Student: 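Take this structure, written in structure tokens, and hold onto it; I'll ask about it next.
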Amino acid sequence: MRIARGVLVAVTLALCGMIVVNSLPYFSFRRDLAFLEEKGARADDLLWRRCFYGHVLGAIVCIVVAPFLFWERLRVRRPKLHRGLGRVYGVAVLGWAGPAGLVLALFAKGGLAGQIGFLALGLLWWGTTARGVQTILAGRVAEHRRWMIRSYALALSAVSFRVFQIGLAVAGLSDEPNYVISLWLSLATSLVAGEAVARRSPVAAVPLALKGGVS
Amino acid sequence: MKSVWTLVAAGLATLALFSCAVPPAPPAPPAPSPVVETPKAVEPVRRMPSDGRPEEKVLRVRDRNKAMEVMQEEQRRNPHLLYELVEFGAMTRVGPQYRLIAKQKAAPAGADAR
């Protein structure tokens with residue numbers, strides 16, 4: 001069980017790393033990258049571009065910072081660092097990737113199904129993160145943990161979305177239905193997995209270092 | 001930090017600052033000149049060079065049937081040459097193109113025998 005968990009964590013981190021590395025070329029601000037070329041004239045719209053780069057940067061920050069927030073030892077031994085990184089995660093989701101993602105969702109690929117899917121994902125991600133911040137500010141550490149697990153599970157839908165997309169493409173599904181089905185599958189997976197892990201999260205066994213230490 | 005809204009405000013403010021640094025989209029490169037898909041756009045295959053090597057010509061047509069038409073017309077015009085149509089570049093972004101190769105017909109067996 002412990003080995004399986006370790007493998008799952010390692011695979012998830014590796015996939016997160018791949019997403020980060022694959023996203024870095026966007027910051028050359030070149031226009032001839034596959035995703036931007038596919039967007040056509042939309043990629044020339046300055047508001048859309050600002051939201052796109054804000055979303056990508058915010059999402060990279062989330063993906064990089066979140067594993068440290070769930071690192072038990074760091075959380076117990078360096079609570080100040082945990083709080084600092086938590087603020088970075090909060091700012092990145094609530095002020096960057098979340099709002100920018102909601103604007104991008106209005107122009108998402110896949111028609112209405114794609115737009116609703118991304119809007120739902122964005123709202124749930126923003127909402128779970130906001131609840132996570134709100135609960136820790138109120139000193140309710142166990143609840144905070146559960147909401148942040150849900151938040152990170154939704155952030156990881158970026159990973160599962162690409163995994164489903166590759167899997168369905170290999171299975172021979174054409175581009176447009178593949179995109180929409182992968183989106184909804186990844187959203188459902190994130191909600192179910194996040195809820196399952198959150199419910200297993202201990203209610204009482206919370207490191208003392210966090211209690212009452214919220215500034 | 002007083003509330004969630006402090007984080008949201010901090011995030012949106014930094015996002016607004018960041019977005020000022022996002023440059024407008026660079027101008028799109030000039031579109032490639034459209035390929036005229038008519039046999040008239042094809043230059044005739046040049047005559048065979050003196051060293052006897054086959055002459056090649058890239059056709060400015062993307063459609064295989066049109067390329068075939070061009071080849072047949074050239075064949076009618078120059079019956080002493082043997083024409084061959086070769087497709088290339090199918091896997092590139094440009095798509096398939098056609099090359100017309102003109103070879104000297106082999107002399108009939110025993111033609112030179114005296």
Side-chain angles (χ1 to χ4, degrees), chain A residues 26-34 36-37 39-58 61-62 83-84 86-103 126-138 144 147 214-215, chain B residues 1-38 41-43 56-68 85-100:
Chain A
Y26 288 124
F27 292 99
S28 64
F29 295 109
R30 272 166 44 207
R31 176 72 171 68
D32 59 339
L33 300 168
L36 296 175
E37 286 212 324
K39 284 287 168 191
R42 181 67 55 199
D44 296 330
D45 180 74
L46 193 56
L47 174 67
W48 188 91
R49 283 172 66 78
R50 285 172 173 174
C51 290
F52 172 73
Y53 289 108
H55 178 74
V56 174
L57 189 61
V61 171
C62 292
R83 276 179 226 132
R87 284 192 193 105
V88 170
Y89 182 88
V91 165
V93 178
L94 300 175
W96 285 60
L102 289 173
V103 176
W126 197 94
T128 50
T129 311
R131 282 288 281 166
V133 175
Q134 198 181 37
T135 45
I136 196 63
L137 291 175
H144 163 73
W147 282 110
V214 181
S215 54
Chain B
M1 190 172 45
K2 297 296 175 199
S3 73
V4 175
W5 299 110
T6 315
L7 281 185
V8 177
L12 289 176
T14 46
L15 178 63
L17 280 176
F18 166 78
S19 68
C20 293
V22 174
S33 59
V35 174
V36 183
E37 294 207 356
T38 60
V42 180
E43 293 168 36
E56 286 188 15
K57 189 75 192 167
V58 175
L59 302 184
R60 285 171 59 81
V61 291
R62 299 262 176 82
D63 183 84
R64 185 169 176 82
N65 292 334
K66 280 179 183 164
M68 288 290 283
L85 194 64
V86 177
E87 183 184 313
F88 70 103
M91 302 301 285
T92 66
R93 296 181 75 177
V94 178
Q97 295 180 58
Y98 295 94
R99 183 180 290 149
L100 196 55

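Just so it is clear, the structure is predicted and the values come from calculations on it, not from any experiment. Chain A is the first sequence line, chain B the second, and so forth, proteins listed ahead of strands; every chain is numbered from 1.
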Student: Taking all atoms of both residues into account, what is the closest heavy-atom pair of B/Leu12 and A/Pro99, and its distance?
Tutor: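 So the two residues come closest at CD2-CG, 3.9 Å.
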Student: Could I get the full list of side chain to side chain contact (heavy atoms under 4.5 Å, CB included) partners for B/Val22, not counting sequence neighbours?
Tutor: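 Checked B/Val22 against side chain to side chain contact (heavy atoms under 4.5 Å, CB included); matches are A/Phe29, A/Arg49, A/Arg50, A/Tyr53, B/Phe18.
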Student: Check whether A/Leu57 gets within reach of chain B through its side chain, its backbone, both or neither, counting any heavy atom under 4.5 Å.
Tutor: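 For A/Leu57, the side chain is the part near chain B, not the backbone.
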Student: How would you list all residue pairs meeting side chain to side chain donor-acceptor pair (under 3.5 Å) that involve residues 90-101 of chain A, not counting sequence neighbours?
Tutor: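 Residue pairs passing side chain to side chain donor-acceptor pair (under 3.5 Å), neighbours aside: A/Trp96-B/Thr14.
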Student: Using non-hydrogen atoms and a 4.5 Å limit, figure out which bit of A/Phe52 sits close to chain B: side chain, backbone, both or neither.
Tutor: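 When you check distances to chain B, no heavy atom of A/Phe52 falls under 4.5 Å.
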Student: Any idea which of B/Pro24, B/Ala10, B/Cys20 has the most non-hydrogen atom pairs under 4.5 angstrom with chain A?
Tutor: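 Maximum pair count with chain A is reached by B/Pro24.
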Student: Need one label for A/Ala130: side chain, backbone, both or neither, based on atoms under 4.5 Å from any heavy atom in chain B.
Tutor: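 Answer is both: backbone and side chain atoms of A/Ala130 are under 4.5 Å from chain B.
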Student: Distance from A/Leu46 atom CG to B/Ser19 atom OG, nearest 0.5 Å?
Tutor: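 OG of B/Ser19 is found 8.0 Å from CG of A/Leu46.
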Student: To the nearest 0.5 Å, tell me how far B/Thr6 OG1 sits from A/Leu94 CG.
Tutor: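 B/Thr6 atom OG1 to A/Leu94 atom CG measures 10.5 Å (nearest 0.5 Å).
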